[in-house]
Amino acid sequence: LNSFGGIGGVVHAGGNRWWMASEGLPLIFPVELDLRSPQLRPQIGTPLTIHGDPRGGEFRKVEAIALCHDRLLIGTEAMMAKELKSRSDEDIRVVMLDLQGGYLGDLPLPEHLLRLRPGMGTFYYRGIQGLSCSPDGRLLLVSLQRQLQQDGEASFSRQLLFRWQPNRRGFVHERDLMVPLDHQLGMMDTELLGDGEALILENEVKPQQRNTLSRFRIDDGDDISACRSLRDCPKARPAKKTVVLENIERLSGVNLKANEVQFDALARGPVLADGRRTLLLVNDDDHCGTITNPTSSIAPGFAGTTFTRVILPPAGRWPLPP
């Protein structure tokens with residue numbers, strides 16, 4: 001997968017089928033992977049060709065994918081390589097596609113998320129980092145890697161909750177919430193589990209304590225939809241976060257003395273016969289080089305793309321055992 005430019009997102013499509021999104025090209029591709037098997041042996045299919053996008057179908061830094069109501073949603077993170085000069089240039093986007101790659105439209109995003117003027121909207125390289133549809137299809141969570149430019153220095157991930165409107169056959173923005181961050185890079189992905197509970201994956205740039213999985217409730221914390229800037233409501237209460245699993249890189253099978261592992265994609269998988277739920281984590285191969293050269297994908301000892309299975313305990317039994 002080296003030529004794909006790193007894995008930005010993954011979503012379960014039922015059975016042994018998954019969709020994954022790479023940061024570069026090809027953009028979206030199917031994968032066959034049995035998460036209930038003792039050994040993970042992914043088989044990669046033919047990538048989709050996106051067609052019909054009025055903005056040319058060019059995407060930079062794709063970091064999220066979701067599957068909702070038989071449509072694929074991908075979230076982008078615009079890069080500093082092409083600074084935003086006007087509203088016609090690319091900002092963050094959530095693009096909706098059919099399962100053949102046909103463009104269906106853009107999910108409307110609140111204006112305070114967009115870089116319409118200096119100091120407003122998402123930071124470069126810190127745009128949409130997670131997309132997740134609830135198991136019942138009613139909710140869509142759009143997750144930013146960090147706070148907005150106008151939010152100041154506070155370290156948190158702004159989360160946008162959308163609700164499915166059957167009469168409109170689309171999602172409508174309902175509220176914003178914030179989740180505090182503990183790691184330097186910030187939020188790598190989120191996943192809705194149902195019953196109002198969600199998981200958040202964070203990453204640190206240091207070799208120790210690199211990848212952490214925590215849970216939070218989307219009905220916790222204050223609604224900050226009216227806060228175009230946290231300066232407008234500095235006493236807003238963030239959702240509480242509880243660590244579920246730390247140092248996840250130790251599960252990857254990679255020699256951690258020689259390599260670093262940054263997980264960048266998270267998805268809930270099938271339920272096992274005993275009722276436990278599985279999770280799939282995939283690392284970003286652009287950030288899985290040697291510790292002495294952590295940003296080089298072609299460094300000696302490069303670990304490549306890894307697929308890691310995590311089995312969650314039954315509901316109510318948190319955190320995970322050692």
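In what follows, residues are counted from 1 in the order of the sequence shown.
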Review point. What's the shortest heavy-atom distance between V62 and S22, and which atoms?
Key: CB-O, 3.6 Å
Check your understanding: Hey, does V95 have a side-chain heavy atom less than 4.5 Å from the side chain of L97?
Key -> yes
**Study point:** Any donor-acceptor pair under 3.5 Å from N247 side chain to R250 backbone
**Key:** no
**Study point:** Side-chain heavy-atom pair D106, R55 within 4.5 angstrom cut-off
**Key:** yes
Exercise for review: Quick one: pull up OG1 in T49 and CD in Q100 and give me the separation to the nearest 0.5 Å.
Suggested key: 12.0 Å
Review point. Considering only heavy atoms from C-beta outward, does the side chain of T308 approach that of F263 to under 4.5 Å?
Key: yes
Check your understanding: Side chains of Q159 and S143: do they bring a donor and an acceptor to under 3.5 Å?
Key -> yes
Review point. Where do R138 and D136 come nearest, in terms of heavy atoms and distance?
Key: N-OD1, 3.0 Å
Check your understanding: Is there a donor-acceptor pair under 3.5 Å between the side chain of R231 and the backbone N or O of Q150?
Key -> yes
Review point. With a 4.5 Å heavy-atom cut-off, do D182 and T212 have their side chains touching?
Key: no
Check your understanding: Is a side-chain N or O of Q129 found less than 3.5 angstrom from the main chain of Q145, in a donor-acceptor match?
Key -> no
Check your understanding: Roughly how far, to the nearest 0.5 Å, is the CG atom of D151 from the CZ atom of R158?
Key -> 4.5 Å
Exercise for review: Starting from the C-alpha separation in whole Å, work towards a yes-or-no answer on side chain to side chain contact (heavy atoms under 4.5 Å, CB included) for C68 and L140.
Suggested key: CA-CA 8 Å; C68 308; L140 171 69; 4.1 Å; yes
Exercise for review: Measure the shortest side-chain to side-chain distance between F123 and L148 over non-hydrogen atoms and say whether it is less than 4.5 angstrom.
Suggested key: no
Check your understanding: Same cluster or not: are L213 and M187 linked, directly or through other Ile, Leu, Val, Met, Phe, Trp or Tyr residues, by side-chain heavy atoms under 4.5 angstrom apart?
Key -> no
Review point. Regarding E249 and N211, is there a side-chain donor-to-acceptor distance under 3.5 Å anywhere?
Key: yes
Check your understanding: Atom CG in L73, atom CE in M96: separation rounded to 0.5 Å?
Key -> 6.5 Å
Check your understanding: Given the rule that I, L, V, M, F, W and Y join up when any side-chain heavy atoms are under 4.5 Å apart, are I92 and V94 in one cluster?
Key -> yes
Check your understanding: Rounded to the nearest 0.5 Å, what separation is found between the CZ atom of F162 and the CG atom of L131?
Key -> 9.5 Å
Revision key, fill the gap. Applying ring-ring contact (aromatic ring centres under 6.0 Å, His included) to H112 and not counting sequence neighbours gives none
Review point. Hey, is CZ on R71 packed in by over 12 heavy atoms from elsewhere, all under 6.0 Å?
Key: yes
Revision key, fill the gap. D91 and T76 have their tightest heavy-atom pair at O-OG1, 3.8 Å
Check your understanding: Does E32 pair with R17 as a salt bridge, N-O distance under 4.0 Å?
Key -> no
Exercise for review: Please tell me if the side chains of I128 and E63 come closer than 4.5 Å, counting only heavy atoms from C-beta onward.
Suggested key: no
Point to revise | ring-ring contact (aromatic ring centres under 6.0 Å, His included) against W164, all qualifying residues, sequence neighbours excluded | key: H69, F171
Check your understanding: Would you call R237-D220 a salt bridge at under 4.0 Å N-O?
Key -> yes
Practice item. Considering non-hydrogen atoms only, spot the tightest contact between A239 and V179 and give its length. Key: CB-CG2, 4.4 Å
Review point. Which pair of non-hydrogen atoms, one from L35 and one from G269, has the smallest distance, and what is that distance?
Key: CD2-CA, 4.2 Å
Check your understanding: Are a donor atom and an acceptor atom from the side chains of T278 and R268 found within less than 3.5 Å of each other?
Key -> no
Check your understanding: To the nearest 0.5 Å, how far apart are OG in S225 and CG in L161?
Key -> 9.0 Å
Check your understanding: Could R115 and Y124 be counted as a cation-pi pair, given that NZ or CZ must be under 6.0 Å from the ring centre and within 45° of the axis?
Key -> yes
Exercise for review: Check for a donor-acceptor pair, side chain of S132 on one end and backbone N or O of L141 on the other, with a separation under 3.5 Å.
Suggested key: no
Check your understanding: Looking at side-chain heavy atoms only, is the closest gap between L251 and V310 below 4.5 Å?
Key -> yes
Practice item. Keeping the roles fixed (side chain from Q149, backbone from T122), state whether a donor-acceptor pair exists under 3.5 Å. Key: yes
Check your understanding: Y103, W19: one ILVMFWY side-chain cluster at the under-4.5 Å cut-off?
Key -> yes
Exercise for review: Identify whether L199 and L201 are in the same connected component of the hydrophobic contact network (ILVMFWY, side-chain heavy atoms under 4.5 Å).
Suggested key: yes
**Study point:** Worked check of side-chain hydrogen bond (donor to acceptor under 3.5 Å, both in side chains) between T306 and N283
**Key:** CA-CA 6 Å; T306 63; N283 75 299; 3.1 Å; yes
Practice item. Keeping the roles fixed (side chain from D232, backbone from C227), state whether a donor-acceptor pair exists under 3.5 Å. Key: no
Exercise for review: Kindly say whether L33 contributes a backbone atom to a donor-acceptor pair with the side chain of W18 at under 3.5 angstrom?
Suggested key: yes
Practice item. I would like to know whether E111 and L116 meet side chain to side chain contact (heavy atoms under 4.5 Å, CB included); could you show each step before the answer? Key: CA-CA 8 Å; E111 283 196 354; L116 301 179; 4.0 Å; yes
Exercise for review: Check the pair L177, F156 against side chain to side chain contact (heavy atoms under 4.5 Å, CB included), reporting the backbone distance first and the verdict last.
Suggested key: CA-CA 10 Å; L177 63 147; F156 69 93; over 6 Å; no
Point to revise | Q147 side chain to S157 backbone, donor-acceptor under 3.5 Å | key: no
Point to revise | Pair R228 + D176, salt bridge at N-O below 4.0 Å | key: no
Check your understanding: With side chains defined as the heavy atoms from C-beta onward, is the minimum distance between L139 and R163 less than 4.5 Å?
Key -> yes
Practice item. Mind checking the NE2-CG spacing from H173 to L160? Nearest 0.5 Å is all I need. Key: 4.5 Å
Point to revise | Common cluster, I44/V282, ILVMFWY with side-chain heavy-atom separation under 4.5 Å | key: yes
**Study point:** Basic-acidic side-chain contact under 4.0 Å: E202, K241
**Key:** yes
Practice item. Start with the C-alpha gap between R146 and L181, add the side-chain angles, then the distance that decides, and say whether side chain to side chain contact (heavy atoms under 4.5 Å, CB included) holds. Key: CA-CA 8 Å; R146 299 194 69 88; L181 297 175; 4.0 Å; yes
**Study point:** Partners meeting side chain to side chain donor-acceptor pair (under 3.5 Å) with S214 (sequence neighbours left out)
**Key:** none
Review point. So, the side chain of D222 versus the backbone of I224: is there a donor-acceptor pair under 3.5 Å, distance only?
Key: no
Practice item. Search all heavy atoms of I218 against all heavy atoms of A198 and return the closest pair with its distance. Key: CG2-CB, 4.4 Å
Review point. Hey, is R36 close enough to D34 for a salt bridge, meaning N to O under 4.0 Å?
Key: yes
Review point. Should we count CG of D195 as having more than 12 external heavy atoms under 6.0 Å?
Key: no
